[in-house]
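Report on one structure; see the data block that follows.
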Amino acid sequence: MDAFACPKCQNEQVVKSGVINDRQRYLCKKCKYYFTVNKLGKKIDNYYVTKALQLYLEGISYREIERIIGVSHVTVSNWVKEFKVKKPSHSDYHPTYKIYNHSELIEFLKDKSHLSGAGMIITELGDKFMLIKWERFKD
């Protein structure tokens, strides 16, 4: 038998305990917990998890992150809780963001007026680039 661990107590002393919907069930001998083999499910690449958390730290809302990355805002919220990310308070400003391809980004950065008087971060997002910009000082 393949070595399975109980998802509840991580004990490896499990025995087969029937079949339900063509899936093998197991019983943990230690905690008496019944379980089936874990599904592989959909796994989101760690790249997008990191990007979502970076955007969250920059003050972008869950729903805006959902629109940008294409991952549910609930999933982003769960990642924030899972990794215990604390967002600093940004009560005096709200960042703005824009998605550019490479040539659009170069054209944007050529204009010096876009670069003065604001903080800016450029991050890669798949084959595009995201520019996050906010006013550095607010009266």
Quiz item: In terms of heavy-atom contacts, does CZ of Arg25 have more than 12 from other residues, nucleotides or ligands at under 6.0 Å?
Solution: yes

Looking at [X] and [Y], would you say the former's side chain and the latter's main chain have a donor-acceptor pair under 3.5 Å?
{"X": "Lys98", "Y": "Lys133", "value": "no"}
{"X": "Asp45", "Y": "Tyr48", "value": "no"}
{"X": "Asn21", "Y": "Arg23", "value": "no"}
{"X": "His73", "Y": "Glu66", "value": "no"}
{"X": "Lys51", "Y": "Glu124", "value": "yes"}
{"X": "Gln24", "Y": "Thr36", "value": "no"}

Rounded to the nearest 0.5 Å, how far apart are [atom1] of [X] and [atom2] of [Y]?
{"X": "Ser17", "Y": "Tyr33", "atom1": "OG", "atom2": "OH", "value": "13.0 Å"}
{"X": "Gln54", "Y": "Ile132", "atom1": "CD", "atom2": "CD1", "value": "8.0 Å"}
{"X": "Lys30", "Y": "Gln10", "atom1": "NZ", "atom2": "CD", "value": "10.0 Å"}
{"X": "Glu107", "Y": "Leu109", "atom1": "CD", "atom2": "CG", "value": "9.5 Å"}
{"X": "Leu125", "Y": "Lys128", "atom1": "CG", "atom2": "NZ", "value": "10.0 Å"}
{"X": "Tyr56", "Y": "Ile65", "atom1": "OH", "atom2": "CD1", "value": "8.5 Å"}

Quiz item: Cys28 and Asn11: which non-hydrogen atoms are nearest, and at how many Å?
Solution: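 Closest pair (atom of Cys28, atom of Asn11, distance): SG-CB, 4.0 Å.
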
Same cluster for [X] and [Y] if Ile/Leu/Val/Met/Phe/Trp/Tyr side chains link at under 4.5 Å?
{"X": "Tyr47", "Y": "Val49", "answer": "yes"}
{"X": "Val19", "Y": "Tyr26", "answer": "no"}
{"X": "Ile106", "Y": "Tyr97", "answer": "no"}
{"X": "Ile99", "Y": "Tyr62", "answer": "yes"}

Practice problem: For the residue pair Phe129 and His102, categorise the inter-ring angle as parallel (less than 30°), tilted (30 to 60°) or perpendicular (more than 60°). | Solution: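 Correct class here is tilted.
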
Quiz item: So, Arg67 and Glu64, do they make that salt bridge, N to O below 4.0 Å?
Solution: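 No salt bridge links Arg67 with Glu64.
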
Practice problem: Evaluate the side-chain proximity of Leu55 to Val76: yes if any heavy-atom separation is below 4.5 Å, no if none is. | Solution: no

Quiz item: Side-chain contact, heavy-atom cut-off 4.5 Å: Ile44 with Trp79?
Solution: yes

